[in-house]
Amino acid sequence: MSRIFCIPGVLFIFVALVLLFLSSISLPYLPALDVARTKFGTEVLDSGAQGMTELRLGVWAYCYYDQDLDRTCTTATPAYQVAISNAAKTASVIIGSSWTRGLAVHPVAAGVAFVAFLLSLSTHHVVTLVASLFAFLASALALIAFAIDIALFVFLRHQVDILPNIDAKTTIGVGFWLTFVSFLLLILGGATVCLGRRHRQKRTDGAATYPIMTPNTSEKKSFWSKFRKN
């Protein structure tokens, strides 16, 4: 019955693991799970010699769409940079690799969450305690990844706004929210598994220390012996 208290925690960690796994794949494999994106209006920006109407930044690469809505993605790499200029090429900005290198924390957090999920399946008291610790560690890594996502989003918006005569709108991508939700779920999962372990430990200690009452036949005999006839 006490195992029921740990089941929600296991589910929280599992869902967080799935979300972190998806956000770690990101671009160029899953273009919909980007960290940040910018849509350009009538003015078309050039990245190198290519024009684009939308730019999406992911964990491993970036993708852009041209006027025909054809998508082009760069090769996956742990650190990439993006060069953006206006249509007249009178001004340009660069999203340097220093802003994208930290995105590699996402798969690290997913790996730690996977270990936490495996450990949470155990019924041993010590193992479940370690599972909750790994869940909290994964949540800390997810928080770091989320902070890096925020920094990249703010910097992208700032750099795009520098370009003159550009009607652009920078928004948060789906991968951004997946990381945030996984952080919350890992916190809940680690806390729930820890509370379930404490509840199970209290039940075990109570069963071990509670005295077992057995009838004392010797006292009964001595009591009834008073009424015996000699």
Side-chain angles (χ1 to χ4, degrees), residues 13 15-41 44-48 50-66 69-86 92-114 137-163 166-187:
I13 295 176
V15 175
L17 170 61
V18 174
L19 297 181
L20 280 176
F21 177 74
L22 292 176
S23 64
S24 298
I25 297 177
S26 189
L27 277 65
Y29 310 106
L30 296 176
L33 303 183
D34 53 330
V35 176
R37 63 182 64 178
T38 299
K39 292 184 178 181
F40 306 102
V44 179
L45 303 190
D46 293 335
S47 177
Q50 301 295 328
M52 59 181 174
T53 58
E54 181 178 351
L55 173 66
R56 297 186 180 185
L57 303 185
V59 174
W60 307 108
Y62 70 90
C63 299
Y64 63 88
Y65 296 78
D66 58 19
L69 299 181
D70 292 330
R71 183 179 68 246
T72 302
C73 297
T74 59
T75 305
T77 179
Y80 61 89
Q81 68 177 14
V82 186
I84 309 173
S85 62
N86 57 358
S92 62
V93 294
I94 295 179
I95 310 298
S97 59
S98 59
W99 293 91
T100 60
R101 183 177 292 108
L103 297 173
V105 178
H106 289 79
V108 177
V112 178
F114 177 71
L137 176 60
S139 67
L141 292 174
L143 179 61
I144 294 175
F146 181 63
I148 295 174
D149 292 348
I150 295 176
L152 179 61
F153 164 73
V154 173
F155 185 70
L156 173 62
R157 185 174 61 180
H158 174 267
Q159 293 295 89
V160 170
D161 291 341
I162 293 177
L163 296 174
I166 296 298
D167 182 15
K169 181 180 180 181
T170 303
T171 58
I172 294 173
V174 178
F176 182 96
W177 294 115
L178 292 183
T179 304
F180 176 68
V181 174
S182 63
F183 160 69
L184 298 179
L185 289 176
L186 286 170
I187 290 290

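- Between the CG atom in Leu163 and the OG atom in Ser92 there is a gap of 7.5 Å [rounded to 0.5 Å].
- In this pair, Trp177 and Phe180 present their aromatic rings perpendicular. The plane angle is above 60°, beyond the 30 to 60° band.
- Of all heavy-atom pairs spanning Tyr65 and Arg71, the tightest one is OH-CD, 3.2 Å.
- Between Gln81 and Ile94, the closest heavy-atom pair is OE1-CG2, 4.2 Å.
- Applying the salt bridge (Lys or Arg N to Asp or Glu O under 4.0 Å) test to Asp34 and every residue at least two apart in sequence or in another chain returns Arg37.
- For Glu54, the side-chain hydrogen bond (donor to acceptor under 3.5 Å, both in side chains) partners at least two apart in sequence or on another chain are Arg56.
- The backbone N or O of Ala76 lies less than 3.5 Å from no partner atom in the side chain of Tyr29, so there is not a single donor-acceptor pair.
- Between atom CD1 of residue Ile13 and atom OG of residue Ser182 there is a gap of 12.5 Å, rounded to the nearest 0.5 Å.
- Residue Phe40 is tested with Asn86, Asp167, Leu55 for a side chain to side chain contact (heavy atoms under 4.5 Å, CB included); the sole match is Leu55.
- Looking at heavy atoms from C-beta onward, Val35 lies out of side-chain contact with Phe153 at the 4.5 angstrom threshold.
- Here the side chains of Leu156 and Trp99 are not in contact, with every heavy-atom distance at 4.5 Å or above.
- The line from OG1 of Thr53 to OH of Tyr64 is 11.0 Å long, rounded to the nearest 0.5 Å.
- The distance from the CZ atom of Phe176 to the OG atom of Ser23 is 12.0 Å, given to the nearest 0.5 Å.
- Shown here are the side-chain hydrogen bond (donor to acceptor under 3.5 Å, both in side chains) partners of Thr38, two or more places apart in sequence or in another chain: Thr170.
- When side chains are defined from C-beta on, Asp66 does not count as touching Thr72, because their heavy atoms never get closer than 4.5 Å.
- In terms of heavy atoms, Tyr80 sits closest to Leu103 at OH-CD1, 4.2 Å.
- Counting heavy atoms from C-beta on, the side chains of Met52 and Ile84 come closer than 4.5 Å.
- Taking OG1 of Thr74 as the reference point, atom CH2 of Trp60 lies at 12.5 Å (rounded to 0.5 Å).
- The minimum heavy-atom distance linking Ala142 with Thr179 is given by the pair O-CG2, 3.6 Å.
- In plain terms, the two heavy atoms of Ala113 and Ala138 that are nearest each other are N-CB, 3.7 Å.
- Every side-chain contact (heavy atoms from CB on, under 4.5 Å) that Ala79 has, sequence neighbours left out, goes to Ser97, Thr100, Arg101.
- Across every non-hydrogen atom of Ala110 and Leu17, the tightest pair is O-CD1, 3.3 Å.
- The distance from the CG atom of Leu141 to the CG atom of Leu20 is 9.5 Å, given to the nearest 0.5 Å.
- With a 6.0 Å radius and a threshold of 12 heavy atoms from other residues, nucleotides or ligands, Phe155 has its CZ atom above the threshold.
- Looking at Phe21 and Ile25, their side chains come closer than 4.5 Å, going by heavy atoms from C-beta outward.
- Applying the salt bridge (Lys or Arg N to Asp or Glu O under 4.0 Å) test to pairs two or more places apart or on separate chains, none has a residue in residues 19-33.
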Please output the side-chain donor-acceptor pairs of residues 145-152 that fall under 3.5 Å, not counting sequence neighbours, one pair per line with the distance.
residue	atom	partner	partner atom	Å
Asp149	OD1	His106	NE2	3.3
Asp149	OD2	His106	NE2	3.0

